[in-house]
Amino acid sequence: MSSSASGILLFAHGARDPNWARPFEAAAEALRQRALAAGDAALAAHIRLAFLEFMSPDLPAAGRELAEAGCTAVTVVPLFLGVGGHVRKDLPRLMSELAEAHPGVQWTLSAAVGETTLLIQALADSAWQLAHPAQPAA
């Protein structure tokens, strides 16, 4: 394993209903496939999904797993549509705890996905398609 392995830790809220996690699990798998298609099998092997509450693993456990796998740089990507209290308050505290527990890892917090132009446009496109279903052929 490379001494400078990178990882991506997707971070979602969590819910009591296990079906709630399906889109996030699908996103993690799609990200793994994208890394593989880019020829980065090492990164694909170091992509994890973690949850704030109700589901596991939580952020500390997933972060520990990546650190133990040899990652020296991990980007935490909040899978939140907006920046509320969890992203503004809880996540910075959790990031500090990760840095303290695993000082050999550079932990980087990205913007929340919901603030990206790409996702905002995807939401608008999806809403448009859902509100204007294709007309059946006559």
Side-chain angles (χ1 to χ4, degrees):
M1 178 179 349
S2 169
S3 62
S4 61
S6 295
I8 299 175
L9 210 169
L10 303 175
F11 182 63
H13 187 278
R16 289 179 179 88
D17 182 348
N19 291 326
W20 176 91
R22 286 183 180 167
F24 301 99
E25 292 163 349
E29 183 55 32
L31 185 57
R32 285 184 199 97
Q33 293 305 315
R34 184 169 189 161
L36 288 171
D40 198 340
L43 178 59
H46 296 120
I47 293 172
R48 299 292 184 276
L49 173 61
F51 302 97
L52 177 65
E53 55 190 9
F54 305 121
M55 300 180 136
S56 59
D58 61 11
L59 194 67
R64 180 176 57 251
E65 185 179 332
L66 289 172
E68 289 174 355
C71 289
T72 56
V74 176
T75 301
V76 176
V77 180
L79 299 182
F80 285 72
L81 291 179
V83 177
H86 291 315
V87 175
R88 278 195 329 271
K89 296 176 184 175
D90 299 329
L91 190 49
R93 176 184 50 79
L94 291 167
M95 293 291 293
S96 293
E97 291 171 8
L98 281 173
E100 186 176 317
H102 310 285
V105 178
Q106 178 183 351
W107 301 96
T108 303
L109 179 59
S110 80
V113 295
E115 295 189 331
T116 65
T117 302
L118 184 64
L119 186 58
I120 292 167
Q121 187 60 53
L123 289 169
D125 291 346
S126 295
W128 182 264
Q129 286 184 336
L130 291 167
H132 296 89
Q135 300 294 325

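Position 1 is the first residue of the sequence; numbering continues from there.
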Chemist: When you compare the side chain of L52 with that of L94, does any pair of heavy atoms fall below 4.5 Å?
Modeler: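 L94 vs L52: side chains touch.
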
Chemist: With sequence neighbours left out, write down each residue that passes side-chain hydrogen bond (donor to acceptor under 3.5 Å, both in side chains) with E115, or none if nothing qualifies.
Modeler: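 If we apply the side-chain hydrogen bond (donor to acceptor under 3.5 Å, both in side chains) test to E115, skipping adjacent residues, there are no hits.
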
Chemist: With E97, which residues qualify under salt bridge (Lys or Arg N to Asp or Glu O under 4.0 Å), at least two apart?
Modeler: R93

Chemist: As an exercise, state the distance from CZ of F54 to CH2 of W20, rounded to the nearest 0.5 Å.
Modeler: 10.0 Å

Chemist: Mind checking the CZ-CD spacing from R16 to E53? Nearest 0.5 Å is all I need.
Modeler: 7.5 Å

Chemist: Side-chain heavy atoms nearer than 4.5 Å, only ILVMFWY residues, links allowed to pass through others: does that put L98 and I8 together?
Modeler: no

Chemist: So how far is it from R32 CZ to L49 CG, rounded to the nearest 0.5 Å?
Modeler: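 Output value for this atom pair is 8.0 Å.
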
Chemist: Taking V105 as the starting point, is it possible to reach L109 by hopping between hydrophobic residues whose side chains are less than 4.5 Å apart?
Modeler: yes

Chemist: Indicate, with yes or no, if I47 and L9 share a hydrophobic cluster defined by side-chain heavy-atom contacts under 4.5 Å among Ile, Leu, Val, Met, Phe, Trp and Tyr.
Modeler: no

Chemist: What closest approach, in Å, do M55 and G14 show between heavy atoms, and which atom pair accounts for it?
Modeler: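 Between these two residues, the closest heavy atoms are SD-CA, 3.9 Å.
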
Chemist: Identify whether F80 and L59 are in the same connected component of the hydrophobic contact network (ILVMFWY, side-chain heavy atoms under 4.5 Å).
Modeler: yes

Chemist: Grab the two heavy atoms, one from V77 and one from S110, that are nearest each other, plus how far apart they are.
Modeler: CA-OG, 3.4 Å

Chemist: What residues form a side-chain hydrogen bond (donor to acceptor under 3.5 Å, both in side chains) with R22, not counting sequence neighbours?
Modeler: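 Result, side-chain hydrogen bond (donor to acceptor under 3.5 Å, both in side chains) vs R22: N19.
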
Chemist: Does atom CD of Q106 have more than 12 heavy-atom neighbours, drawn from other residues, nucleotides or ligands, at distances under 6.0 Å?
Modeler: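 No.
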
Chemist: Search all heavy atoms of I120 against all heavy atoms of G114 and return the closest pair with its distance.
Modeler: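 Result for this residue pair: CG1-O, 3.5 Å.
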
Chemist: Which heavy-atom pair separates L36 from A41 by the least distance, and what is that distance?
Modeler: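 Shortest heavy-atom separation between L36 and A41 comes out as CD2-CA, 3.7 Å.
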
Chemist: Please find the pair of heavy atoms, one from A62 and one from A50, that lie closest to each other, and give the distance.
Modeler: CB-CB, 3.7 Å

Chemist: Supply the atom-to-atom distance L118 CG to L123 CG, rounded to the nearest 0.5 angstrom.
Modeler: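 Going from CG on L118 over to CG on L123, the span is 10.0 Å.
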
Chemist: Nearest 0.5 Å, what's the CG-CZ distance between D40 and R34?
Modeler: 12.5 Å

Chemist: Would V113 and V74 show up in the same hydrophobic cluster when neighbours are defined by side-chain heavy atoms closer than 4.5 Å?
Modeler: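 In one cluster with V113: V74, no.
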
Chemist: So which heavy atom on H46 is nearest to which on A5, and how close?
Modeler: CE1-CB, 4.2 Å

Chemist: What distance do L10 atom CG and R48 atom CZ have between them, rounded to the nearest 0.5 Å?
Modeler: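 Atom-to-atom, L10:CG and R48:CZ are 11.0 Å apart.
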
